[in-house]
Amino acid sequence: MTPPPPGSEVHAADVTAGDASTSIERTSILVYEGPVRAWHWITALAITTLAVTGYLIANPLPSVTGEASDWYVMGNIRFIHFAAGYVLAIGWLVRIYWAFVGNHHSRQLFKFPFWKKEYWDGVAWEASWYFFYRRWPKKYVGHNPLAQFVMFFVFTLGMFFMIITGFALYAEGTGLDSWQYALFGWVFDIFPNSQAVHTWHHLGMWVFVCYIIIHIYAAVREDIMSRQSMISTMISGERMFKDNRDD
Amino acid sequence: MTTMSTPNGFALDNSGRRVVVDPVTRIEGHLRLEVNVDDDNVIRNAVSTGTMWRGLELILKGRDPRDAWAFTQRICGVCTGTHALTSVRAVEDALGIEIPKNANTIHNIMQLTLYVQDHLVHFYHLHALDWVDVVSALRADPKETSALAQSISSWPMSSPGYFRDVQNRLKRFVESGQLGPFRNAYWGHPAYRLPPEANLMAVAHYLEALDFQKEIVKIHTIFGGKNPHPNWLVGGVPCAINLDGTGAVGAVNMERLNMVSSIIDRSLAFIEQVYIPDLLAIASFYKDWMHGGGLSSTNLLAYGDMPALANNHSNDSLMLPRGAIIGGDLSTVHEVDLKDPEQIQEFVSHSWYTYDDESVGLHPFDGVTDPNFVLGPNTKGDPSTRIEALDEAAKYSYLKAPRWRGHAMEVGPLARFVIGYAMGRPDFKEPVDATLRTLGVPITALFSTLGRTAARGLECQWAAHRLKESFDGLMANLKAGDLSTANTDKWEPSTWSHNSRGAGFTEAPRGALGHWVEIEAGKIKSYQCVVPTTWNGSPRDPAGNIGAFEAALLDTPLHDPEQPLEILRTIHSFDPCLACSTHVMSPDGQEKATVTVR
Amino acid sequence: MSSGIETFYDVMRRHGISRRSFMAFCGLTTAAMGLGPTFVPRIARAMETKPRIPVIWLHGLECTCCTESFIRSAHPLVKDVVLSMISLDYDDTIMAAAGHQAEEILDEIRETHKGNYILAVEGNPPLRDGGVYCLPGGRPFVDRLKEMASDAQAVIAWGSCASWGCVQAAKPNPTQATPVHEVVTDKPVIKVPGCPPIAEVMTAVVTYILTFERLPELDRHGRPKMFYSQRIHDKCYRRPHFDAGQFVEEWDDEGARKGYCLYKVGCKGPTTYNACSTVRWNEGVSFPIQSGHGCIGCSEKDFWDMGPFYSRLSSVQPFPIEGNADAIGGTVAAVAGGAVVAHAAASAVKHAADKRDIKNERQARADQNTNG
C-alpha cells in the first residue's frame with residue numbers, strides 16, 4: 001500500500017489539490033499542565049501591576065489638592081503593589097510546588113544544564129537562528145536552549161531576587177517583630193542600607209520590563225517563524241509542531 | 001638649625017629643652033604642639049602640627065554640587081553650618097544663582113546664632129579653664145562671691161545661697177575622688193591668678209552656660225531642623241514661610257518666629273549680663289599677662305560675612321568687613337579677592353603633601369593635594385611606637401601653609417575687629433575703645449592672647465545685637481508681604497552651563513573660610529577648602545615664614561614646662577578647629593597616597 | 001552591671017595596699033587638690049563607696065558633632081550626667097588636662113578599672129598606611145583604640161563615623177576610615193548612629209545602662225532597638241500627605257508652605273532608622289522634615305553614597321548624576337524595545353525571502369515531478 005499523498009488527511013469541503021500540496025502534517029504534545037498555565041497568566045498580570053505601581057511609588061503622580069484626609073492615592077498604589085506582591089509570591093510558591101509534582105517540563109524553569117555540551121550546542125544553534133545564519137531552528141517540546149538560558153538567569157533568579165527584596169522592604173513597614181522581618185531581615189545584612197535595597201529592587205523592575213519585551217517578542221516570533229506553536233500553547237497547554245521532519 | 005630668624009620677623013632657637021603637648025585638648029580635632037624653651041623656660045621655638053587628615057575634597061569629586069553643603073558641613077561639628085553656608089555660596093556663585101531676601105536674612109540669622117553659641121561655649125567650656133582654677137573655688141566664701149557677682153552684673157542668679165549650692169555640688173563631686181573631666185589638670189598652678197570667689201563665680205557660670213548654650217541653637221533647629229548640622233539649600237533656605245494660610249503650622253509661622261525672638265532676647269541678656277562681665281572681671285586679673293600676640297600686630301585677614309543686602313557681597317553690604325592688614329599698618333585695609341590667583345596660595349613644603357614644585361604656592365582653583373607622610377631625619381620616635389619629637393626642618397603637619405600675597409596671616413575675631421576698627425566702623429571701634437578704657441590698657445593690649453579672647457567676647461555681643469536686628473529685618477520684610485525663601489530657576493542641572501567655577505566665603509567663628517568649586521557637566525570637578533585653622537595653625541612655608549600659632553607661642557615664659565598652662569592659654573585663644581585640616585584632590589582626580597617613614 | 005565595679009579602695013586592697021597606706025594616699029590626694037585635712041575622711045569614704053562608672057571618650061577621624069550634640073541634652077542635662085552619673089575621665093574636647101597628663105589618665109583607668117569602664121568612641125580609625133592619617137598623642141589612633149577597647153566592659157560607637165564610617169568613608173574612602181566594630185571584635189559594640197545622634201538619645205543610652213545595669217536590647221546591626229527600630233517615615237507627622245499623594249514638587253511651592261510630604265524632593269525618611277520624627281531635635285523643637293528639608297538619611301550606613309539628597313532615587317555608581325534606576329532601566333528598556341523592533345523587521349524580511357525560496361524550491365520539485 002502506498003502512503004497517502006500529503007494533505008489527503010485534510011478533510012475540508014473546499015480543499016483543493018493546491019492546498020493539499022502545501023499541507024503539513026502537524027503533531028502535538030501536552031507541555032504545560034493546567035496549573036502552570038494558570039500560574040503563567042496570573043504572574044503576568046501580577047508583574048504588570050507590580051511594575052506600574054512600583055514605578056509610581058518611586059515617581060509619584062502629581063500632587064492632589066485638598067485635605068489629606070480626603071485622599072489615599074499613594075496609599076492605594078502601595079496597597080495594590082503589596083497585594084500584587086503577595087499574589088506573585090504565593091503563585092511562585094505554588095509553581096515551585098508544581099515543579100515537584102508536575103510533569104518534567106514543569107521543572108525546566110528551575111534547572112540549568114550548565115555542564116552539558118549538547119545544551120550549549122543548542123544555545124549556539126538557536127542564537128545563530130536568531131542572528132539569521134540558519135533558515136530553520138530545531139524543534140523543542142519545552143523551552144529551547146536559548147530560552148532556557150534567559151528563563152533561568154533572568155526570570156527564575158529575577159523572581160527570587162524581587163520577591164526576597166520586596167518582602168524585605170515590606171518587612172520594614174510590618175516591623176522588626178513581624179514574620180516578614182524574621183524571614184527576610186537578613187537582606188539588610190547584605191546591602192548597606194534600606195535605600196540601596198530600594199535601588200536594586202527598582203533596577204530589578206526594569207530587568208523585568210526588558211524581559212517582558214523580549215519574552216513577548218520571542219513568543220510572537222516563534223509562533224510565526226519557528227516550527228512549533230508558542231502563544232496558543234500557553235493557553236491550551238498543547239505544543240503543536242508545524243512539520244514532522246526530524247532534526 | 002639652632003638659631004634663625006624668619007622673614008616675618010621672628011627669632012627661632014630650637015637648641016633648648018623640647019616640650020611636647022599632644023593631644024592639645026579642649027579644641028576640635030587633633031593638634032600637637034612642640035616648643036623649645038631656653039634656660040629660663042621661655043619659649044624660643046614653636047612647632048604646630050595637625051595630626052589628622054580625612055580627604056573630604058576627594059570624596060566630593062563627581063557628586064551633585066547641590067549636595068556639597070552636607071559633605072562640607074561634616075568638616076566641623078563645632079562651627080556647624082558655616083561650612084555648609086560657604087559651600088552653598090560657592091555653588092550659587094558658580095551657577096549664577098541669586099537668593100531671595102528672606103533666605104539671605106535667615107542665612108545671617110543662622111550664622112549669627114552660631115557665633116553667639118560657639119563663642120559662648122568656647123569661652124566657658126574650652127578656654128575658661130586656662131584662667132579659672134576649679135578646685136580653688138572650693139575655698140571661696142559664697143557671700144563674697146555673691147557680692148562680687150552683684151558688683152559687676154545685674155544677672156539675677158547671684159545670691160549667696162545660689163553660690164553655696166554650686167559650691168556644695170562641686171564639693172560632693174571633688175570628694176567623690178572621681179574628678180572626671182577635671183582630672184589631672186594643672187590645678188593650683190601659679191599662673192592661675194583669680195581669687196577663690198572669682199573662680200567660684202566662673203564655675204557657676206560654666207555650668208549655667210552649659211545649660212544655656214543648648215537653648216541658643218534652637219534657632220538653627222527652627223530654620224534647619226536640627227543642630228548640630230542643620231539643613232541648607234542651594235538657592236535659598238529649605239524652610240518655607242507661611243504666616244496665615246492653610247497648613248501654616250507646617251511651616252515657619254508666628255509661633256516659630258516668636259521662639260526665635262525669645263531666644264535672641266535671652267541670648268542677649270546672658271551675654272551682656274554674664275559673659276561680658278565675667279570676661280572683664282577675669283581679664284582684669286590677667287591684664288599684665290600680655291603674651292601671645294604673634295602675627296596679630298602685623299598681618300590680619302578677613303573675608304567678611306553676613307551681607308545686609310541679599311546677593312551683594314561687597315564691603316558696602318557685609319556686616320563683618322572684608323580686608324587685609326599687612327605689617328601692622330592700620331591706615332590701609334587691602335582689598336581681598338578670593339578668585340585672584342596672586343592672592344591666596346597654599347604651600348606644602350612643610351606639609352605632608354607633595355607638589356611637583358614645592359617652592360611655589362597654588363591658588364585653590366588649581367589646588368593639588370597628594371598626601372605624603374614623610375618624617376624628617378631628626379624626628380625622634382616613629383608612629384609605630386610614639387613620635388617623641390618632630391623635625392620641623394622637614395614636613396611636619398597635615399595642614400598646608402596658606403599665604404596671602406606671600407604673607408602668613410592671622411584670622412579670627414581679633415582680625416575682624418582690628419580690620420573693622422581700622423576701617424573706622426563704629427560697631428567695632430566703640431566697643432573696643434570702651435573695653436580698653438574699662439581695663440585701663442592701651443590699644444596695643446589687643447595684640448595678645450587676652451586681646452584675642454576679649455575680641456571674641458565683644459564679637460559675641462556684637463553678633464547678638466546683629467541677630468536681633470536681622471530678626472527685625474526679617475519681620476519687616478514679611479510684613480511687606482514677601483514670603484519667598486527659595487529661587488528654583490536654576491535648580492535643575494539642565495539649566496547650568498557646561499563648566500563653571502565659583503568661590504564661597506564666610507567668616508567662621510574662628511576666622512576666614514573659603515570654598516572653591518568647579519562644576520562640569522552637572523558634577524563637581526574639583527573642590528578645595530581653605531579653613532581658618534589652616535591659616536592660624538599653618539606650618540612654615542618655603543621662605544620660612546611661621547604661622548600664627550607658632551608666632552604667638554614665642555617668647556612666652558612657662559612657669560613649669562611640665563605643666564605648660566601658658567601654651568594652652570594662647571592656643572585656645574585661637575579656638576582651633578583641626579578637623580578642618582582636610583585637603584585633597586590632584587588635578588587628574590587620582591587618589592595618591594605615599595607614606596615613607598625614614 | 002555597674003554593681004560589679006570594685007571601689008577604688010577594693011582595688012588598692014587587692015594590690016596589697018594596707019588600710020594605713022590607703023589613708024596616707026587619701027591625705028596626699030587631698031593635699032594635691034589643695035584641700036584642707038578635714039577633707040581626708042570624706043575622700044576616704046568616697047573611695048570606699050560605689051564609684052560612678054568611668055567613661056573614656058576617644059576621638060578618631062571625626063568632626064566633634066557627637067560631643068556637640070551630647071552637650072545639647074536637655075533631659076538629663078549634660079552637667080548632671082557629667083557631675084552625678086558617670087565619671088567622664090577622658091574626652092579631648094572638654095577635659096581640662098592636656099598632653100601627657102591627659103594620656104596618663106588612659107593608662108590609669110585601664111589599670112584601676114580593668115573591665116569596668118565604658119569606652120565611648122566618636123569618629124573612626126583610618127587604617128591606610130598603618131593608620132598615619134590620625135596620630136593623636138603621636139601614635140596611630142587605631143592602636144590606642146584597640147588598647148582601650150581591650151580592657152573596656154563595653155564600647156559605645158557614637159554617631160555614624162564610629163558606627164558605619166560616615167563621610168570620610170564615603171567613596172573613595174581615601175584614608176580607609178573603618179567603623180569601630182570592624183576593629184574591635186571581642187567586645188559588645190553599641191552603635192548609636194546619626195550625624196550626629198540626637199542628644200537625648202545619646203544620654204538615654206548611657207542612663208539606660210546605668211539605671212538597668214545592662215546593655216539595651218540591640219537590633220541585628222547593633223543599634224538600640226528602643227530608638228532605631230522604626231523608620232522616620234513610620235512616625236512622620238507628614239505621613240498623611242504621603243499616603244494621600246500630596247507632595248512638595250519644588251522648593252517654596254504651595255506644597256512646601258502647606259507642609260506636604262518631602263518624598264519627591266528626596267526625603268530619605270522612608271529608608272532611615274532613627275528617632276527624629278518622635279524624639280525630635282534640641283528638646284523637641286523640630287526635626288529636618290518639620291523644618292522643610294527632607295531627611296538625608298544620616299543614621300544609615302553609607303548614606304553619603306545613596307545621593308543625590310534631592311532625588312527619591314539614588315544615583316547608581318558609576319553612572320552620571322542623573323543615572324538613577326529609572327534612567328538606567330528606562331534606557332535599557334528603550335534599547336531592548338528598539339532592538340526588538342529592528343529584529344522583527346529583519347525577521348520579516350528574512351521570513352519573506354525564505355518563503356519565496358521555499359516556494360521556488362517546491363515549485364521546482366513539483367515541476368520535476370510533473371515532468372518526471
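In what follows, every heavy atom counts, from backbone to side chain, and hydrogens, waters and symmetry copies are set aside. Residue numbers begin at 1 in each chain, while the letters A, B, ... track the order of the sequences. Because the structure is a prediction, the values reported are computed rather than measured.
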Where does [X] contact chain C at under 4.5 Å (heavy atoms): side chain, backbone, both or neither?
X: B:Gln213; result: side chain
X: B:Glu388; result: neither
X: B:Gln117; result: side chain

Note to self: Below 30° counts as parallel, above 60° as perpendicular, anything between as tilted: where do the rings of C:Tyr133 and B:Trp53 land?
What the structure shows: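 Aromatic pair C:Tyr133/B:Trp53 classed tilted.
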Choice from [options] maximising heavy atom contacts with chain C below 4.5 Å:
options: B:Ala240, B:Gly188, B:Ala251, B:Pro181; value: B:Pro181
options: B:Val24, B:Leu126, B:Ile222; value: B:Ile222
options: B:Val249, B:Leu129, B:Asp67; value: B:Asp67
options: B:Ala486, B:Pro23, B:Ala185; value: B:Pro23
options: B:Thr385, B:Leu483, B:Ile27, B:Leu568; value: B:Leu483
options: B:Gly224, B:Gly247, B:Pro238; value: B:Pro238

Item checked: Option from B:Thr488, B:Asn487, B:Thr485 for which side-chain hydrogen bond (donor to acceptor under 3.5 Å, both in side chains) with C:Asp252 holds ->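 Filter result, single survivor: B:Thr485.
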Ionic contact status for [Y] with [X], cut-off 4.0 Å:
X: C:Asp80; Y: B:Arg169; value: yes
X: B:Arg63; Y: C:Asp305; value: yes
X: C:Glu62; Y: B:Arg74; value: no

Which one of [options] has the most heavy-atom pairs closer than 4.5 Å to chain B?
options: C:Lys258, C:His59, C:Arg257; result: C:Arg257
options: C:Gly292, C:Gly137, C:Cys134, C:Ser87; result: C:Gly137
options: C:Ala169, C:Ala256, C:Ser311, C:Cys195; result: C:Cys195
options: C:Gln290, C:Glu283, C:Arg238; result: C:Glu283
options: C:Phe141, C:Trp304, C:Phe287, C:Trp57; result: C:Trp304
options: C:Gly259, C:Gly294, C:Ala98, C:Pro126; result: C:Ala98

How long is the span from the [atom1] atom in [X] to the [atom2] atom in [Y], to the nearest 0.5 Å?
X: C:Asp89; Y: B:Arg183; atom1: CG; atom2: CZ; value: 4.5 Å
X: B:Cys239; Y: C:Trp251; atom1: SG; atom2: CH2; value: 10.5 Å
X: C:Arg72; Y: B:Lys226; atom1: CZ; atom2: NZ; value: 11.5 Å
X: C:Thr67; Y: B:His125; atom1: OG1; atom2: NE2; value: 13.5 Å
X: C:Thr175; Y: B:Ile59; atom1: OG1; atom2: CD1; value: 7.0 Å
X: C:Cys63; Y: B:Leu578; atom1: SG; atom2: CG; value: 13.5 Å

Using modelled atom types only, decide if a donor and an acceptor are shared between the side chain of [X] and the backbone of [Y] within a distance under 3.5 Å.
X: B:Asp64; Y: C:Pro308; answer: no
X: B:Arg26; Y: C:Met95; answer: yes
X: B:Thr25; Y: C:Thr93; answer: no
X: C:Ser69; Y: B:Pro228; answer: no
X: C:His100; Y: B:Val21; answer: no
X: B:Asn184; Y: C:Ala102; answer: no
X: C:Gln101; Y: B:Glu562; answer: yes
X: C:Arg52; Y: B:Gln178; answer: yes
X: C:Asn282; Y: B:Thr221; answer: no

Heavy-atom proximity to chain B below 4.5 Å, by part of [X]:
X: C:Ser73; value: backbone
X: C:Cys276; value: neither
X: C:Leu77; value: side chain
X: C:Ile296; value: side chain
X: C:Tyr260; value: neither
X: C:Ala74; value: both

Notebook entry, point to check: Would B:Leu207 and C:Leu83 satisfy side-chain contact (heavy atoms from CB on, under 4.5 Å), going step by step from the backbone distance to the final call?
Noted result: CA-CA 10 Å; B:Leu207 297 174; C:Leu83 294 180; 4.1 Å; yes
Taking every non-hydrogen atom, the tightest pair across [X] and [Y]:
X: B:His30; Y: C:Gly60; answer: NE2-O, 3.0 Å
X: B:Tyr398; Y: C:Val132; answer: OH-O, 2.7 Å
X: C:Pro136; Y: B:Asp22; answer: C-OD1, 3.9 Å
X: C:Pro174; Y: B:Leu58; answer: CG-CD2, 3.6 Å
X: C:Thr64; Y: B:Gly29; answer: OG1-N, 4.0 Å
X: C:Ser286; Y: B:Arg256; answer: CB-NH1, 3.7 Å

Note to self: Using the rule given for salt bridge (charged side-chain N to carboxylate O under 4.0 Å, His left out), can you reason through B:Arg386 versus C:Glu103, listing the C-alpha separation, both sets of side-chain angles and the distance that settles it, and then say yes or no?
What the structure shows: CA-CA 12 Å; B:Arg386 183 185 288 273; C:Glu103 294 290 271; 3.6 Å; yes
Item checked: Atom CD of C:Glu108: over 12 foreign heavy atoms under 6.0 Å ->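 It does: C:Glu108 CD has more than 12 such atoms within range.
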Next item on the list: Please step through side-chain contact (heavy atoms from CB on, under 4.5 Å) for the pair C:Gln168 and B:Met52, ending with a clear verdict.
Entry: CA-CA 12 Å; C:Gln168 57 267 19; B:Met52 68 186 276; over 6 Å; no
Next item on the list: Show your working on side-chain contact (heavy atoms from CB on, under 4.5 Å) between C:Phe309 and B:Phe71 and close with a plain yes or no.
Entry: CA-CA 11 Å; C:Phe309 295 135; B:Phe71 286 80; 4.0 Å; yes
